[in-house]
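Single-structure report; data block below.
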Amino acid sequence: MIYNWLMASIFGNHLNMYKKIIFVLVIGLLIGQKSIAQQEKRCNTIEFQEYQKSTIADYEALMRQSDFYLQNYIKKNKDNNFRVVIKIPVVVHLLYHADSQNHQLSDWQITSQIDALNEDYRRFNADKFKTPKIFDSLGADCEIEFCLAKQDPDGNATNGIERTETTNSVFVDFSSPKITSLGGSDPWPHTEYLNIWVCCLQFPLLGFATFPSNSMGNDDGVVIHYKAFGRINAFSKKYYQGRTATHEIGHWLNLKHIWGDSPECSPDDDVDDTPLQAEEHYICDDFPFPSCNNTSDMFQNYMDYTLDSCMNIFTFGQKQRMLASMNLFRSSILVSGACNPVSTHDYDIGVIKILHPDDFVYGETMKPVITIHNYGTQTITATDIYYTKNWKSNVHVFNWTGSLAPNENIDVTLPEIADSSWYNVFCAWTKNPNDNQDADTTNDFKTRSYIVSFTYPPIDDLVIYPNPTGSLVVIDFREVIELKGTVAIYNVLGQMEQVNMEQLSLSKFQLDLSNFPSAIYFIELSVNGKKLVKKVVVQHEF
């Protein structure tokens with residue numbers, strides 16, 4: 001009564017209307033609070049570990065033993081300079097409900113996820129420029145790549161995608177996606193493949209993964225919600241860059257959450273070069289964000305809980321832990337030949353690489369460059385190349401003609417297209433080789449993330465990676481090489497030295513200083529009317 005009298009005194013005859021408005025606002029706040037609480041379950045790997053403790057005998061003891069072996073391996077191989085790229089064959093088990101077309105992801109959505117993984121694990125991701133300067137030198141090319149399997153466990157040809165119709169509209173437990181009799185799909189041997197199950201998980205769960213150890217069994221692999229898988233036709237506005245899979249596969253490779261899954265700065269994630277931090281982050285917070293007496297939390301790390309658009313870095317310490325785990329617990333995958341095709345078709349052409357765009361593009365137009373590969377047995381003399389940015393927006397077609405022999409590549413420069421500002425995904429695909437149906441469409445499609453700016457960067461935005469104990473220096477001009485930039489190298493007496501410069505990509509060059517005596521040198525870059533000088537130390541080992 002008092003409430004109604006007070007409301008009537010304030011709002012008069014509009015009481016009912018305003019009561020409805022207030023009701024809606026209150027409900028909205030409650031829903032908002034619930035949504036915030038629910039999004040805190042982005043990853044359920046820790047809960048999955050608790051489940052494993054209850055179902056696997058001596059699970060905790062086995063995990064402690066595995067971690068002991070891992071730490072010893074890292075200590076013994078701490079100075080090992082890994083330079084061999086590991087390729088991991090992947091089988092994607094797509095579980096779809098007949099009544100939901102959303103569950104039925106296309107082959108190319110799945111392919112786009114593999115592209116996203118390869119960018120993130122090789123540090124080819126366009127948004128690495130967002131890594132804060134204090135962390136940038138820690139950013140690692142993990143030298144791990146992924147491919148959709150080309151051979152199944154029996155040695156037969158496959159595209160690496162297993163589609164299974166299920167009666168489960170939602171999977172609510174940890175086991176059923178991985179068991180055919182429970183509506184899921186039985187795994188392929190975990191000793192040869194990374195099994196990824198893609199299905200509808202109970203909201204708000206996005207994924208979970210197994211850690212490598214001596215206790216691995218048939219449940220080994222990664223489970224991802226279909227809404228957070230791939231980076232074209234994405235269903236989520238928060239998780240649209242494929243980084244849920246990047247995060248969960250990090251667990252599969254033995255990475256812990258960066259905050260160590262415990263508040264109050266303990267325990268750590270067992271990686272030396274990630275800062276100790278108090279807790280997880282769910283949004284891209286203002287930088288710096290200090291905790292635990294650090295300069296800032298590394299909430300840009302793939303092993304935090306931030307949005308896809310905020311994640312951009314694995315560290316060298318994390319790389320070391322992942323590669324050690326591969327050598328210790330998943331060594332059989334290292335010799336798996338499942339990425340190699342076992343048979344070829346008459347007409348099978350595809351996009352094997354996108355050379356341009358490469359990370360950054362400056363200006364309002366772009367001229368793409370791609371590499372196409374002839375997987376078939378017949379020489380290809382013509383094919384259609386389709387390309388677009390941001391999937392299905394203004395699709396362009398280029399009718400390529402030439403001569404491409406079996407198992408050969410050729411670089412193709414495509415006609416110029418208009419560009420749009422900021423983050424984009426460039427897509428290119430082939431069709432109709434020699435006016436025939438392509439026998440394998442999964443290798444037709446390729447994506448590449450890139451950043452666009454309509455103004456050229458200042459000289460300070462150029463990037464140089466000198467190696468203080470080696471003789472190779474990489475200079476990343478990004479796209480400003482078009483401005484006729486020059487490079488010179490001087491010794492401490494100011495004398496110019498001759499240097500061999502090798503082009504690594506459209507925008508990166510490598511200086512070979514191996515013939516220089518051990519000393520300090522200065523690299524001078526003159527670009528856009530400005531000069532930038534960087535110091536590099538050449539130190540030969542004796």
Side-chain angles (χ1 to χ4, degrees), residues 85-92 106-119 121-122 124 143-152 156-161 231-232 336-358 367-388 391 395-415 425-450 503-506:
V85 176
I86 292 171
K87 185 158 282 192
I88 298 174
V90 175
V91 54
V92 174
S106 70
D107 287 354
W108 289 358
Q109 279 177 276
I110 294 170
T111 300
S112 74
Q113 177 64 74
I114 302 299
D115 292 337
L117 290 173
N118 287 332
E119 287 182 17
Y121 278 83
R122 294 301 312 274
F124 295 158
E143 297 178 295
I144 296 173
E145 293 182 358
F146 303 84
C147 74
L148 286 172
K150 295 301 179 184
Q151 296 184 39
D152 71 10
N156 300 315
T158 180
N159 63 8
I161 302 172
R231 63 180 183 185
I232 63 168
S336 171
C339 286
N340 303 320
V342 294
S343 64
T344 55
H345 308 279
D346 287 343
Y347 299 103
D348 183 10
I349 194 170
V351 180
I352 197 171
K353 188 182 297 183
I354 294 173
L355 298 174
H356 187 69
D358 177 18
K367 188 174 288 187
V369 183
I370 67 171
T371 304
I372 57 175
H373 181 82
N374 185 358
Y375 296 94
T377 60
Q378 301 298 312
T379 296
I380 302 298
T381 57
T383 191
D384 295 331
I385 300 174
Y386 291 73
Y387 59 105
T388 182
W391 187 236
V395 176
H396 303 263
V397 184
F398 177 70
N399 305 116
W400 176 84
T401 58
S403 182
L404 186 59
N407 204 34
E408 294 291 330
N409 300 333
I410 190 169
D411 296 341
V412 179
T413 300
L414 300 171
V425 175
F426 178 76
C427 308
W429 63 99
T430 53
K431 289 185 72 174
N432 308 320
N434 291 3
D435 290 324
N436 290 281
Q437 177 69 36
D438 195 301
D440 182 2
T441 59
T442 57
N443 59 29
D444 294 350
F445 186 74
K446 204 73 177 170
T447 63
R448 182 69 169 93
S449 67
Y450 67 103
Q503 187 168 1
L504 301 177
S505 70
L506 290 176

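Computed over heavy atoms, backbone and side chain alike; hydrogens, waters and symmetry mates excluded. Quick note: residue numbers are just sequence positions, from 1.
Separation of the His373 and Tyr375 ring centroids falls under the 6.0 Å cut-off.
A cation-pi arrangement is present between Lys431 and Tyr386, with the terminal nitrogen or guanidinium carbon under 6.0 Å from the aromatic centre and inside a 45° cone about the axis.
In terms of modelled atom types and a separation under 3.5 Å, the side chain of Asn374 and the main chain of Asn407 share no donor-acceptor contact. Remark: side-chain polar atoms of Trp400 are not paired, donor with acceptor, to backbone N or O of Ile372 under 3.5 angstrom. Counting only distance, with no hydrogens or angles, the side chain of Asp115 and the backbone of Gln113 share no donor-acceptor pair below 3.5 Å. Between the side chain of Asn443 and the main chain of Val351, no donor-acceptor pair closer than 3.5 Å is present. No donor-acceptor pair closer than 3.5 Å links the side chain of Glu145 to the backbone N or O of Ile86. Side chain of Thr388 to main chain of Trp391: no donor-acceptor pair is present (N/O by atom type, distance under 3.5 Å, no hydrogens or angles). No side-chain donor-acceptor contact under 3.5 Å links Thr447 to the backbone of Val425.
Heavy-atom minimum distance, Asn434 versus Asn436: O-ND2, 2.8 Å. Of all heavy-atom pairs between Ile232 and Cys427, the closest is CG2-SG, 4.1 Å. Smallest separation of non-hydrogen atoms from Ala428 and Ile370: CB-CG2, 4.2 Å. For the pair Ala338 and Pro89, the tightest heavy-atom approach, listed with the atom from each and the gap, is CB-CB, 3.7 Å. Nearest approach of Ile349 to Asp444, heavy atoms of both residues: O-OD1, 2.7 Å. When all heavy atoms of Pro357 and Arg448 are compared, the closest pair comes out as O-CG, 3.5 Å.
The environment of Asp435 atom CG is sparse: at most 12 non-hydrogen atoms of other residues, nucleotides or ligands sit within 6.0 angstrom.
The CG atom of Asn159 sits 5.0 Å away from atom OG1 of Thr442, with the distance rounded to the nearest 0.5 Å. Once rounded to the nearest 0.5 Å, the distance linking CG of Asp346 with OG1 of Thr377 reads 4.0 Å. The distance from the OG1 atom of Thr430 to the CZ atom of Phe398 is 13.5 Å, given to the nearest 0.5 Å. Interatomic distance, CG of Asp348 versus CG of Asp440, reported as 5.0 Å (0.5 Å rounding). To the nearest 0.5 Å, atoms SG (Cys147) and CD1 (Ile114) are separated by 8.0 Å. Interatomic distance, CD1 of Ile144 versus CG of Leu117, reported as 11.0 Å (0.5 Å rounding).
Below 30°, between 30° and 60°, or above 60°: for His396 and Tyr387 the angle between ring planes is below 30°, a parallel geometry. Note: Trp429 and Phe445 have tilted aromatic rings, judged against thresholds of 30 and 60 degrees for the angle between ring planes.
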inquiry  = Pair Cys339, Lys150 - check side-chain contact (heavy atoms from CB on, under 4.5 Å), show working.
reply    = CA-CA 5 Å; Cys339 286; Lys150 295 301 179 184; 5.7 Å; no

request  = Check step by step if side chain to side chain donor-acceptor pair (under 3.5 Å) holds for Gln151 and Thr158.
outcome  = CA-CA 5 Å; Gln151 296 184 39; Thr158 180; over 6 Å; no

ask   = Stepwise, does the side chain to side chain donor-acceptor pair (under 3.5 Å) test hold for Thr371 with Asn409?
value = CA-CA 6 Å; Thr371 304; Asn409 300 333; over 6 Å; no

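Partners of Glu408 by salt bridge (charged side-chain N to carboxylate O under 4.0 Å, His left out), not counting sequence neighbours: none found.
Taking the side chain as every heavy atom from C-beta outward, Pro368 and His356 never approach each other to under 4.5 Å.
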